[in-house]
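Here is the structure we will look at, set down as structure tokens.
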Amino acid sequence: MTVPRVERPGLYYPKLPATWWLRNANYFRFMLRELSSVFIALFLVVFLIQLHRLPQGPGAYAAYLETLRAPGWIIFHVLALAFALYHSVTWFNLTGVVQVVHLGERQVPPRLVVGASFALWAVVSVVLLWFLLRG
Amino acid sequence: MTEETMTLEVTRYRPGHDREPRTESFTVPYRKDWVVLDALNHIKDRIDGTLSYRWSCRMGVCGSCGMMVNGVPKLTCAAFLRDYRPGPIRVGPLANFPVIRDLVIALDDFMEKLRRVKPWIIRAVEKPVADGEYLQTPAQLDAYKQFSMCINCMLCYAACPVYGLEPAFVGPAAIALAYRYNLDSRDEGYRLREPVLSEAVGVWECTFVGECSVVCPKGVDPAAAIQRSKLAGATDWLLSMIMPWGGRR
Amino acid sequence: MPGDDGYQHDLLVIGGGGAGLRAAIAAAEESNRLSIAVLSKVYPMRSHTVSAEGGTAAVMRENDSLDTHAKDTIFGSDFLADQDVVEVFVKEAPGEVIRLEHWGCPWSRDPDGRVSVRPFGGMTVNRTLYAADKTGFHMLHALFQTSLKYERITRYDEWFATSLLLEDGKVCGVTALNLHDGQMRPIVAKAVIMCTGGAGRIFPFTTNAAIKTGDGMALAYRAGVALKDMEFVQYHPTGLPGTGILITEAARGEGGHLKNKDGYRYLQDYGLGPPTDTPVHRKMELGPRDILSRCHIQEHQKGRTFDGPDGHYVHLDLRHLGEKLIDKNLPFVRELARNYVGIDPVHEPIPVRPVVHYMMGGISTDITGKTSLDGLYAAGEAACVSINGANRLGSNSLTELLVFGARAGRAAARHALERPTLRSNPLAQLASDERRRLDQRFLRADGREKIADIREEMQKAMESGCGIYRDRATMEGTCQTLRKLRERFAHISLADKDAIFNTELIAALELECTLDVAETVARSALAREESRGSHTRTDFPKRDDARFLKHSLAYRTPDGPRIEYLPATITRWPPEERKY
Amino acid sequence: MLTRKTSEPFWWLLFAAGGMVAALLVPVHLLVQGLAVPLGWTSISHARMLALAAQPLVKLYLFALIALPLYHWAHRFRFILEDLGLRGLRTPIALLSYGAAVLGTVATLWVLWRI
């Protein structure tokens, strides 16, 4: 897929090293943002296994929950939560840039779109929290 | 009285002599109203006439004098020495481009890509000049104005790691200009530009690092142009999959 | 890029700015049989058209008329414009700006969707179209991007033309240096159009970009073509002190005020009053540029200007316009003031002073852009087709490059179609001769003179002798200095002996061009013993129509320019006293 | 099989949907299931979980919650590897990443089917 570039003699062609993302803070934050997807996916796999234990009866389910109490898992979940929050914040900030919203002829300022996304996130989270914890 | 000075560490590359770039230090007078370009001009006029670089308008609109200043793509006519005190300041050619000599990079690659995205008004039927202008409301103008501010200074390409890794990537400025014409109420060329934007090394190559928009000296926001082009392309694709008429708009 | 069969075209445009691109497109539309080339020492979008800010004049509204635009232009020119040319100019202007609109130029718009017009200095009605305050930038990019759709337009980007090739008294191409490989090559063409812009860099303090060194003017001059009306150098009244960066006249068109150090709108003391809150056409800050620049100097002589490290200045006050209007119509002014003098015009007045801005003179052409040399054409600031006379009105120059760029493109295209094909073989020899000349001159010489020294002394001499106010004694001094600098230039030494991207060699070639152009300016100015438009002599303070209602023509001789004259064309507007 | 030109928008749409789901919903689930329950701040009984997960609408919700972010992961993971310089392996990386997401989708369907 990659088309090799024809290099002309005399010119110096710089090579971008694999460590380019350590060169500036924005690049590094980009890499963290992308990496967040790994933690989110891992959590969802953990969740999927939990759901898999559900029909196997209360014993199997409790045993699985017990595993998650291990310090290693707690540390993993703290880390995953931090990444998940980072993902949410960057995601909503960026979608405001991508999604152009029009009201009549005028474009809604991206700042408002971003604000609305954060508000939606808050509402959804509260509703979800209430639903999960009410029983 | 001793004059205050500053040191510039300038990347030099002499084709045919150097196998790769090297650094040379120059001491220049420090003036609080001097920009990096003034310091380079001082070097060229008074210290070493062989230093090569491009410049012209020295007011941030011709786009000639883009260089890496302390590793960040900058217009050197707008980078003040006072913001880099006490120095030294590292000045190099724009990253990700082949270097012709010293601080001069080759941009024929961009010129070719610019032509490929067809950055001109395309219409099925052109209105005769005698019939006057196409009407365009201020809101219709605002829709694309931001993306018409690109001065082709190449800072966005120097900031883009994807371009650094994949030189075939159409890249921020060219896509932003294609998007600018797609948004123009006078234009009907979306279908003709779409194939270039959706090709293997078009918009889909971008991973939204976003640094292009950070370094853009004119507030163009090419990253937004690329993501919106993706959204438009994906929406088109979806329509073409589910609509019997193939989603032509 | 050129093939193996050499560098042969029907039409060659030198310069990729507004005029050059307009000419190339016009030629491409004139005939699809033509091979067209645009050669420029910079990439086209770097050309100085990019820096134009305020706007471009054309009659677009019902309350305006071609005659008013013509009369304003002629009046502004202090009656030195050729009136037949001005009539063609105003007639073709509206079509040209509409064509540019069709090509995508993002003109600012009225709520009903029509292109907006704003007031400008010396104009009696609002007739200046604009794209916020980056009009030149948007026009240049629209022209450049539109030019990309013509496959028949070949570009030679970053090539420097060093001489015109002549055969039997006809132009048949140029020799040019490719910066990328340092090779000199002949580029053969049946017609050549010079669109290389002005030469503001002969002065130390100018709005002009580094590239504006009068290269095309010098090439034509050396080939025997006259440079017309070179004594007329326009000072723009509002540049930033120190850098000379332009603060557009549109800032005053939108209602900005010029104030002295007492906060007083001093222009009312010079017959431009009365001061009003809203701008009145041709009054106060909307007076023409030559008069406003002189007012500044007189105000300075009265001790009523500010004094700063970069000389005297006054205030351009935009505060009363409000942030919203400034951001909508003058965003670039705000950006420039913030970046370069650290001042936000929303809250503080901007320091400004007169600065060299534009050359009214240039390569003498007729109404089609043709010069006296068969096959050579010129347009834009490099040319003098005589619509600007002794003082150009703001916003006429962008229109000029469209109207006369297109005219030159069409005329040159027709000329090329009629002319038989040229043979390039003997010309290769000429190119290697030219290469040898440059090598001997610059690369092998063991001289002692530095480019920067000669350039600085030339600029100093031009400022002292050919500034806003002039007199015989200082101009004679300037002429002598320029002669001496020419001798010193022969002993120039270059540190850079490399072929690839040798910018020092280019700087030397440019310096040689500026020396030629500077001399024509000084000698033409010395010979004109009157005051007219931008040319103001303290020893001849009055306009003298009996002796000088005529254009100067500077011809090259070994001893410096020889000055001849050509009567100005008067059709419907007999000269009268120029009062605003 | 989808060609590259048409497949990119397909995967990108799944990525975008997954990213949105992850941003809106995952933090709360992580907080409750990953920390609150294991640390004993709260508890959700097996019976209630089972009853909830058996409802068709909740199943649909869980499917979206788990499967879509997998495509978000696959897309980003693919480009992380490419951005780290593995451009020569573009095709295998893409197959591996999206393949894993498809497998995850199938697994999710299977788990939810059995509840």
Side-chain angles (χ1 to χ4, degrees), chain B residues 14-17 33 41 44-46 48-64 78 80 100-102 104 106-108 111 114-115 118-123 126-127 129-138 140-141 144-145 148-152 177 181 184 186-187, chain C residues 42-43 45-48 50-51 95 97-99 101-104 106-115 132 134 136-138 141-142 145-146 148-149 155 157 180 207 209-211 242-243 245-246 309 332 335-336 339-340 450-452 455 494-504 507:
Chain B
R14 206 176 154 204
H17 297 266
D33 56 346
N41 285 338
K44 179 139 192 101
D45 285 350
R46 299 291 162 204
D48 184 350
T50 67
L51 182 65
S52 290
Y53 51 96
R54 295 186 178 104
W55 71 288
S56 182
C57 77
R58 49 79 179 98
M59 57 191 278
V61 70
C62 79
S64 307
F80 284 86
I100 295 176
R101 174 178 174 175
D102 293 345
V104 180
L107 57 116
D108 10 0
M111 300 304 279
L114 183 64
R115 188 194 283 262
K118 304 186 196 301
W120 52 80
I121 296 282
I122 298 170
R123 290 184 66 91
E126 287 193 31
K127 186 172 173 175
V129 167
D131 294 354
E133 74 256 49
Y134 300 117
L135 295 182
Q136 184 169 65
T137 64
Q140 287 172 323
L141 172 66
Y144 71 87
K145 183 81 193 247
S148 73
M149 304 305 280
C150 171
I151 60 173
N152 304 354
L177 280 164
Y181 282 95
D184 195 317
R186 297 167 288 187
D187 183 79
Chain C
V42 292
Y43 281 94
M45 66 276 182
R46 314 293 188 218
S47 309
H48 190 59
V50 84
S51 304
V97 296
I98 289 169
R99 196 167 276 116
E101 194 277 335
H102 289 192
W103 289 341
W107 298 120
S108 292
R109 304 283 178 155
D110 284 357
D112 64 3
R114 291 190 300 170
V115 292
K134 287 196 176 177
F137 160 77
H138 284 299
H141 281 252
Q145 289 165 7
T146 300
L148 294 175
K149 75 179 174 191
R155 283 207 327 275
D157 295 333
H180 291 233
T207 60
I211 53 175
T243 54
I245 288 171
L246 172 68
F332 195 37
E335 180 187 326
L336 290 170
N339 285 353
Y340 291 97
K450 289 201 111 187
I451 294 177
R455 184 169 58 216
L494 298 192
D496 195 342
K497 318 276 188 211
D498 282 354
I500 294 172
F501 230 93
N502 187 333
T503 49
E504 200 185 19

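Chain naming here is simple, since letters A, B, ... match the order of the sequence lines and numbering starts at 1 in each. Since the structure is predicted, the reported quantities are computational estimates derived from the model, not experimental observations.
- Classification of B/Arg186 and C/Glu101 as a salt-bridged pair holds, one side-chain N sitting under 4.0 Å from a carboxylate O.
- Heavy atoms of B/Leu51 lying under 4.5 Å from chain C belong exclusively to its backbone.
- Looking at heavy atoms from C-beta onward, B/Met111 lies in side-chain contact with C/Met45 at the 4.5 angstrom threshold.
- If you tally non-hydrogen atom pairs under 4.5 Å between each of C/Gly242, C/Ser47, C/Ala452, C/Pro309 and chain B, the highest count goes to C/Ala452.
- When each of B/Ala130, B/Ala106, B/Gly63 is checked for heavy-atom pairs under 4.5 Å with chain C, B/Gly63 comes out on top.
- Note: B/Met59 leads B/Glu126, B/Met59, B/Lys44, B/Gln140 in heavy-atom pairs under 4.5 Å with chain C.
- Put simply, of B/Cys57, B/Gly60, B/Ser56, the one with the most heavy-atom pairs under 4.5 Å next to chain C is B/Ser56.
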Requested in this report: Would you please test B/Arg14 and C/Asp496 for salt bridge (Lys or Arg N to Asp or Glu O under 4.0 Å) and show each step?
Outcome: CA-CA 11 Å; B/Arg14 206 176 154 204; C/Asp496 195 342; over 6 Å; no
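- With a threshold of 4.5 angstrom between heavy atoms, C/Lys450 approaches chain B through side-chain atoms but not through N, CA, C or O.
- Interface remark: of the candidates C/Gln145, C/Glu504, C/Arg46, C/Arg46 forms the most heavy-atom pairs closer than 4.5 Å to chain B.
- Separating the OG atom in B/Ser148 from the CG atom in B/Leu141 is a distance of 7.5 Å, to the nearest 0.5 Å.
- Two residues are said to be in side-chain contact when any heavy atoms from C-beta on lie closer than 4.5 Å; B/Arg101 and B/Thr50 meet this criterion.
- When heavy atoms are compared at a cutoff of 4.5 Å, C/Thr207 approaches chain B solely by way of its backbone atoms N, CA, C and O.
- Residue C/Ile211 touches chain B through both its backbone and its side chain, counting heavy-atom pairs closer than 4.5 Å.
- Among the candidates B/Asn152, B/Asp33, B/Asp48, B/Leu177, the residue making the largest number of heavy-atom pairs closer than 4.5 Å to chain C is B/Asn152.
- Residue C/Ala132 touches chain B through both its backbone and its side chain, counting heavy-atom pairs closer than 4.5 Å.
- Proximity of C/Leu148 to B/Pro119: side-chain heavy atoms (C-beta onward) are separated by under 4.5 Å at one or more points.
- Both the backbone and the side chain of C/Tyr340 come within contact range of chain B, judged by heavy atoms closer than 4.5 Å.
- The parts of B/Arg58 that come within reach of chain C are both its backbone and its side chain, each placing non-hydrogen atoms under 4.5 angstrom from that chain.
- In terms of heavy-atom proximity, B/Tyr181 sits nearest to B/Asp187 at O-CB, 3.1 Å.
- Looking at B/Lys145, the atoms closer than 4.5 Å to chain C (heavy atoms on both sides) all sit in the side chain, from C-beta outward.
- Heavy atoms of B/Lys118 lying under 4.5 Å from chain C are absent altogether.
- The shortest side-chain heavy-atom distance between B/Asp184 and B/Gln136 falls under the 4.5 Å cut-off.
- Both the backbone and the side chain of B/Met149 have a heavy atom closer than 4.5 Å to some heavy atom of chain C.
- For chain C, the nearby part of B/Val104 is the side chain; its heavy atoms alone come within less than 4.5 Å.
- With a 6.0 Å cutoff to the six-membered ring centre and a 45° limit on the axis angle, B/Arg54 does not count as a cation-pi contact of C/Tyr43.
- Side-chain contact between C/Arg114 and B/Leu135: present, with at least one pair of heavy atoms (C-beta onward) separated by less than 4.5 Å.
- Of the atoms belonging to B/Pro15, it is side-chain heavy atoms, and not backbone ones, that fall under 4.5 Å from chain C.
- By the 4.5 Å heavy-atom criterion applied to side chains, C/Ile451 and C/Leu494 are counted as neighbours.
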